[in-house]
**Student:** 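Here you go, one structure.
Both counts, for ligands and for their atoms, begin at 1 and track the order of listing. Computed from a predicted structure; not experimentally measured.
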Amino acid sequence: MRSLISERVSCRSSVLGARWMSSWWRNVEPAAKDPILGVTEAFLADPSPDKVNVGVGAYRDDNGKPVVLECVREAERRIAGTANMEYLPMGGSVKMVEETLKLAYGDNSEFIKDKRIAAVQSLSGTGACRLFADFQNRFHPDSQIYIPVPTWSNHHNIWRDAHVTQRTFHYYHPGTKGLDFAALMDDIKNAPNGSFFLLHACAHNPTGVDPSEEQWKEISYQIKAKGHFPFFDMAYQGFASGDPERDAKAIRIFLKDGHLLGLAQSYAKNMGLYGQRVGCLSVLCEDEKQAVAVKSQLQQLARPMYSNPPVHGALIVSTILGDAELKKLWLKEVQGMADRIIGMRTALRENLEKLGSPLSWKHITNQIGMFCYSGLTPEQVDRLTDEYHIYMTRNGRISMAGVTTGNVGYLANAIHEVTKSA
Ligand code: KET
């Protein structure tokens, strides 16, 4: 009798359990599409032979094809069959990190020599930002991050998911299509002392507008005066001027001024290692002892998330940067990518002017890096997509890396058609 009851009870509870289980995800709504990667999805789903993708910031050759750099191919040939596939340490490849720091802090950096930099290999630039955001939250749980308007859309997701309160600061002036320097400086001054500021080291995404050297000096001065902490996202080193050394200018100014800073580096764009997910997070500390402590904490954040970073991309990077000849080839190829983009800026502007566009398109050639912040409205972008199969983010950002000799005329014509009556 007793066993019958207990059987019934367990039977009932398993029915209840089944009902419970089938409802586990019933309240899950589809997530909003990502404003950048969602564009790629829509592009891929479009069967039109005319379609053009100037959405995601990924370099293409003049035939619109993805590029694997020759230095990367050569590094892969050298690596093939020589390395084992053991786990990297939690902080990643020491050799890769060493070479990566030199690019940002300088070959002969005193901070590298004095071992004042806590640095770990990260899951590309996104992973570096996220690791820093988590670190910020862990050790300054009440702090906020000041983010430029506009910025790379994912910055907002990253600091939101790391539970850091976000504030914004002025950056772009839609009227001048340039930097809103006065408002930016005011925001730095008015932020509470000791705030965190997110800065794009070069080739600002999405605007293509960077401060001048003089302006960087003033920004650095003011950030120091207020005791703020500058965190640099450097996803496009080499894409602004064609020369990674020159593109490190802002970082070097801040270093000279004696800041302690944080830095996210990525090889997605400048080495074309997008899917390999290789980058670096570094934090400049007061001394070696502090750097050891900070690095250990960064590793402890990484351990439960992904344990340790992937090995192949790191091996490619350290092989290239550790070999004088391959590094030279890389620098030449970075310059080549930047030059092709600059050429396409001129071509797009000229095509629009030749069509008799009533609008000014000077900003296309004034802006730098991978993107042109065109000034197209979301409605105009929708028309480009619906009527011309041209895909870009709704903020009017054109990835100049996707513009080619073959599609620039078509793109200019479509832009002219949707803007001529504006
Ligand atoms: N920071 C900035 C400013 C940035 O534009 C990107 C990528 C990243 C970091 C991250 O790159 P990673 O691949 O994690 O090293 N931006 C392009 C791709 C993307 O949105 O993921 C883009 O804006 O199109």
**Student:** Before we go on, tell me: are the rings of Tyr146 and Phe169 under 6.0 Å apart, centre to centre?
**Tutor:**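 No, the ring of Tyr146 stays outside the 6.0 Å limit from the ring of Phe169, centre to centre.
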
**Student:** For atom 20 (O) of ligand 1, grab the closest protein heavy atom and report residue, atom and distance to one decimal in Å.
**Tutor:**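 Protein heavy atom with the smallest distance to atom 20 (O) of ligand 1: Trp152 NE1, 2.9 Å.
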
**Student:** Hey, looking at atom 5 (O) of ligand 1, which of Asp233, Leu123, Asn205 has the closest heavy atom?
**Tutor:**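 Going through Asp233, Leu123, Asn205 one by one, Asn205 has the nearest heavy atom to atom 5 (O) of ligand 1.
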
**Student:** Rounded to the nearest 0.5 Å, what separates atom CD1 in Ile145 from atom CZ in Phe197?
**Tutor:**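 Ile145 CD1 to Phe197 CZ: 9.0 Å, rounded to 0.5 Å.
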
**Student:** Which ligand 1 atoms does Gly125 reach within 4.0 Å, using its non-hydrogen atoms?
**Tutor:**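 Per the distance check, 12 (P), 14 (O), 15 (O).
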
**Student:** State whether Arg340 and Asp61 are salt-bridged, where the test is any N-O pair (Lys NZ or Arg NE/NH1/NH2 against Asp/Glu carboxylate O) under 4.0 Å.
**Tutor:**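 Salt bridge between Arg340 and Asp61, a charged N being under 4.0 Å from a carboxylate O: no.
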
**Student:** Do Phe231 and Phe132 make the cut of ring centroids closer than 6.0 angstrom?
**Tutor:**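 Phe231 vs Phe132: aromatic centres under 6.0 Å.
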
**Student:** Between His140 and Phe196, is the gap from one ring center to the other below 6.0 Å?
**Tutor:**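 Distance test on ring centres: under 6.0 Å, yes.
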
**Student:** Is there a nitrogen or oxygen of Gly57 sitting under 3.5 Å from a nitrogen or oxygen of ligand 1?
**Tutor:**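 There is such a contact, yes.
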
**Student:** What atoms of ligand 1 come closer than 4.0 angstrom to any heavy atom of Val56?
**Tutor:**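 Contacts of ligand 1 toward Val56, numbered from 1: 18 (C), 24 (O).
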
**Student:** Is Lys328 paired with Glu74 through a side-chain N to carboxylate O contact shorter than 4.0 Å?
**Tutor:**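 Not counted as a salt bridge, because no side-chain N and carboxylate O are separated by less than 4.0 Å.
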
**Student:** What's the shortest distance from atom 13 (O) of ligand 1 to any protein heavy atom, and which residue and atom give it?
**Tutor:**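 For atom 13 (O) of ligand 1, the nearest protein heavy atom comes out as Arg277 NH1, 2.9 Å.
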
**Student:** Looking at ligand 1, is there an atom of it that comes within less than 4.0 Å of some heavy atom belonging to Asn154?
**Tutor:**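 Asn154 does not count as a contact of ligand 1 under the 4.0 Å cut-off.
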
**Student:** Suppose I only count heavy atoms of Ala268 and a 4.0 Å limit; which atoms of ligand 1 are within that range?
**Tutor:**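 Taking each heavy atom of Ala268 in turn, ligand 1 has 13 (O), 15 (O) under 4.0 Å.
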
**Student:** Does Tyr267 come within less than 4.0 Å of ligand 1, judged by its heavy atoms?
**Tutor:**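 For ligand 1, residue contact (heavy atoms, under 4.0 Å) with Tyr267 is absent.
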
**Student:** Give the numbers and elements of all ligand 1 atoms closer than 4.0 Å to a heavy atom of Arg397.
**Tutor:**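 The list of qualifying atoms is 22 (C), 23 (O), 24 (O).
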
**Student:** Mind checking whether Asp46 and Tyr391 have side chains closer than 4.5 Å, heavy atoms only?
**Tutor:**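 SC-SC contact between Asp46 and Tyr391 confirmed.
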
**Student:** Does a salt bridge link Arg116 with Glu286, judged by any charged N lying under 4.0 Å from a carboxylate O?
**Tutor:**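 Salt bridge: no.
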
**Student:** Among protein heavy atoms, which lies nearest atom 18 (C) of ligand 1, and at what distance?
**Tutor:**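 For atom 18 (C) of ligand 1, the nearest protein heavy atom comes out as Lys269 NZ, 3.6 Å.
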
**Student:** Considering heavy atoms of the protein only, find what lies nearest to atom 12 (P) of ligand 1 and give residue, atom and distance to 0.1 Å.
**Tutor:**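 Here the closest protein heavy atom is Ser124 OG, 3.3 Å.
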
**Student:** Quick check: Tyr274 with Tyr59 (ring centres under 6.0 Å apart)?
**Tutor:**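 No; Tyr274 has its ring centre 6.0 Å or more from that of Tyr59.
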
**Student:** Atom 14 (O) of ligand 1: which protein heavy atom is closest, and how many Å away?
**Tutor:**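 The closest heavy atom on the protein side is Thr126 OG1, 2.5 Å.
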
**Student:** Check whether any N or O atom of His155, backbone or side chain, sits under 3.5 Å from an N or O atom of ligand 1, and answer yes or no.
**Tutor:**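 Checking ligand 1 against His155, no N or O pair falls under 3.5 Å apart.
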
**Student:** Under a 4.0 angstrom heavy-atom cut-off, which atoms of ligand 1 come close to Ala235?
**Tutor:**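 Counting from 1, the qualifying ligand atoms are 1 (N), 2 (C), 4 (C), 9 (C).
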
**Student:** Would you say the ring centers of Phe181 and Tyr171 fall short of 6.0 Å from each other?
**Tutor:**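 No, the ring centres sit 6.0 Å or more apart.
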
**Student:** Met370: heavy atom below 4.0 Å from ligand 1, yes or no?
**Tutor:**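 Flag not set, Met370 not near ligand 1.
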
